[in-house]
Amino acid sequence: MNSKNETYKTPIIVGFDPGLNVGIAILDLNGHLIFLNSYKEISKSDIINIIMKYGKAVLIATDVKQIPKAVKKLASSLNSKIFSPKNDIQVSYKNKIVDDYLKKNSNLNFDSINNLKKNHEIISNEEELFSTNFDAHGRDSLFAAIFAYRNYENKFNQLEKKFFEYKVKLKESNDICLDDEEDYIEKLDQAKTLFINEIPISIAIDSVFKLGFNNETSEIDNLNNFKEINIEKEKYEKKDDLNGNNFDEKSNYLNIEMLNKLKITIKSQEKQIKNQEKLIKNLNSKNKEFNKKISEYNREIIKLKDELKDLNKKYSKNLLKEKTIASKVQLLKTISKKYMEEKELRKSLEDKLNFRASFDNFTNSKELTQIKIVDFFTKDSINKTSKLLEIKKGDIILLKSPEGGGSQTAKILADLNIKAILTFGIIPQQAQEIFEDENIPIILANDLKIKFIDNFALINTKVLESEIEKWKDYQRNNLEKKAQRELLGVIGDYKAKRKRLS
């Protein structure tokens, strides 16, 4: 549908499942699925571009009670409200809701319908498509969008009924002419958008006909429209007060809430700008140093080239000339190699600065504990992580692959006075003994809800402390049992000795 209003974009509900693998589902305000896909390691800007391609996001939905930070940041970037369930939902219920929805909408026609994946294989059979054969991220994002829509569905139905009655009334009175079906659909979607933003149904309907609310105008224009909506609302309040009815007082402060939301957004953006300016300043400083070195090398190269030319003229038939030239050529190669090394070092420093900036954003969280990841249980892998993130006393370490490590490798980590070891597999016995002697907990991470971010990860602090206490209790019980066995052994030996003597 091509609307006559070129600036108008269809309001949409976006289901978003964040993480290393991202799920995105998009519904219109009639509950129709218009996009569903999942991605591996996609950037935030690409996510925003995908969403904006299909319309204006008025609601960002998540499938968990505790709203993830990525969802909050996306909603802030798109200036959208957030919907989350009151309680965490079981996987079996999610599957049922998604399956029922897809079966009822078996005539779906949306972009990327052939891009749904299971185990990285494209599903081309439509009958398989409407079961649960797409990945968990696609399912969770679709469930979030469906669940959010159902939260508003009954009120949307009431709004549509009143909207139609209002439209007929206006036609009969010749106040407003809506012959174009596109005008009708746009204004109905605008009314639903206002309702999602906590405008009462009657005022929302009246406003879209009289004020021309547009979801793509500037924030200031929309605030002016909201002020006019509040004027209309006051008229309704006065009218209803005469009939003994009352409006919800909360909606009286809508324009103030919108202004506060804008202030919060501005403060957040100012903070981001300051962080970026600081990072840019550091990078510029590094760039100046590297550019200075590069200029020095370039001058040295030019000087050496000039010397080579002079040598070619002076000693064209002399053996000394050949030796000198060979020496200068070797020097040129050395300088060129050093230049390339400096260039690579510069890039490495820039990457580390960018990574460190993202890592530092999580350092002050009390609810989350940082986990520093060691890919392999080797000395080189431990040194690599330590150089990047500086492993120090009290750190939590995650061994992605615990195989191959021994007592010497374990001693390296133990000497760093780390707090605990998380692992996805069984640590070799010799290494376990070192960690147990140093009273360093070893915790299996398979069932823990760990969020991975580049070369580090995050875990709920309370969950981590609970697991550490369980390990310590288990160790204390083992030590008590071992002591009991040793005591019984000593008593047994003593009795046997007495028996022999008697």
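Please read these numbers as outputs of a predicted model, since none were measured by experiment.
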Test log, rule side chain to side chain contact (heavy atoms under 4.5 Å, CB included), inputs K379 and I412: CA-CA 8 Å; K379 180 180 178 181; I412 295 172; 3.8 Å; yes
Salt bridge (charged side-chain N to carboxylate O under 4.0 Å, His left out) against K94, all qualifying residues, sequence neighbours excluded: D63, D140
Trace of the side chain to side chain contact (heavy atoms under 4.5 Å, CB included) decision for T385 with I373: CA-CA 7 Å; T385 302; I373 299 173; 5.9 Å; no
Over 12 foreign heavy atoms within 6.0 Å of CZ, F424: yes
Test item: K9 side-chain N/O and M52 main-chain N/O as donor-acceptor pair under 3.5 Å: yes
Interatomic distance, I12 atom CD1 to K56 atom NZ [nearest 0.5 angstrom]: 9.5 Å
Short side-chain to backbone donor-acceptor contact, T62 and S84, under 3.5 Å: no
I51 side chain near L74 side chain, heavy-atom distance below 4.5 Å: yes
Worked verdict on D395 versus L416 for side chain to side chain contact (heavy atoms under 4.5 Å, CB included): CA-CA 9 Å; D395 280 347; L416 292 171; over 6 Å; no
Interatomic spacing from CZ in F16 to CG in L78 - rounded to 0.5 Å: 10.0 Å
Residue E341 excluded, over 12 heavy atoms near CD under 6.0 Å: yes
K338 and K293, any side-chain heavy atoms less than 4.5 Å apart: no
For the student: nearest non-hydrogen atoms of I421 and L413, plus distance: CD1-CD1, 3.9 Å
Atom pair NZ (K86) and CG (N151), whose distance is rounded to the nearest 0.5 Å: 8.0 Å
Main-chain N/O of I196 paired with K81 side-chain donor or acceptor, under 3.5 Å: yes
Donor-acceptor pair, side chain of S38 and main chain of H137, under 3.5 angstrom: no
Check: Y297 ring centre within less than 6.0 Å of Y339 ring centre: no
Test salt bridge (Lys or Arg N to Asp or Glu O under 4.0 Å) applied to K470 and E467, step by step: CA-CA 5 Å; K470 288 179 184 177; E467 292 297 325; 3.7 Å; yes
Backbone of K73 reached by a side-chain donor or acceptor of S77 within 3.5 Å: yes
I426 CD1: over 12 foreign heavy atoms closer than 6.0 Å: no
Side-chain heavy atoms of I301 within contact of K305, under 4.5 Å: yes
Residues, nucleotides or ligands: over 12 heavy atoms within 6.0 Å of Q408 CD: no
Parallel, tilted or perpendicular: ring planes of Y93 versus F143, cut at 30 and 60 degrees: perpendicular
Side-chain touch R346/N287, heavy atoms, less than 4.5 angstrom: yes
Aromatic ring pairing Y152/F195, orientation class (parallel under 30°, perpendicular over 60°, tilted between): perpendicular
Minimum-distance pair of heavy atoms, taken over all atoms of P85 and V64: CD-O, 3.5 Å
Heavy-atom donor-acceptor pair, T461 side chain to E367 backbone, under 3.5 Å: yes
Main-chain N/O of S407 paired to Q430 side chain as donor or acceptor, under 3.5 Å: no
Min side-chain heavy-atom separation L29-V58 under 4.5 Å: yes
Beyond-backbone contact of D46 with Y39, side-chain heavy atoms, under 4.5 angstrom: no
Verdict with reasoning, D380 to K384, per salt bridge (Lys or Arg N to Asp or Glu O under 4.0 Å): CA-CA 6 Å; D380 289 341; K384 179 182 176 183; over 6 Å; no
I371 versus I397, closest heavy-atom pair with distance: CG2-C, 4.3 Å
Closest non-hydrogen atom pair between A61 and A144, with its separation: CB-O, 3.3 Å
Derivation of the side chain to side chain contact (heavy atoms under 4.5 Å, CB included) call for I60 and V14: CA-CA 5 Å; I60 304 296; V14 178; 3.8 Å; yes
Test salt bridge (charged side-chain N to carboxylate O under 4.0 Å, His left out) applied to K155 - qualifying residues, sequence neighbours left out: none
With sequence neighbours excluded, residues passing salt bridge (charged side-chain N to carboxylate O under 4.0 Å, His left out) with K419: E465
Side chain S381, main chain F377, donor-acceptor under 3.5 Å: no
Nearest-0.5 Å distance that lies between atom CD in E300 and atom CD in E307: 7.5 Å
Heavy-atom closest contact (K372 atom, L389 atom, distance): NZ-O, 3.0 Å
Heavy-atom side-chain proximity of F452 to L398 below 4.5 angstrom: yes
4.5 Å side-chain heavy-atom contact, L422 and L464: yes
Closest approach of P402 to I427 (non-hydrogen atoms, all atoms of both residues): CB-CG1, 3.8 Å
Spacing of L368 atom CG and I450 atom CD1 [to the nearest 0.5 Å]: 12.0 Å
Inter-residue atom distance I13.CD1 - K192.NZ, 0.5 Å rounding: 9.0 Å
Any donor-acceptor N/O pair, S466 side chain to K462 backbone, under 3.5 Å: no
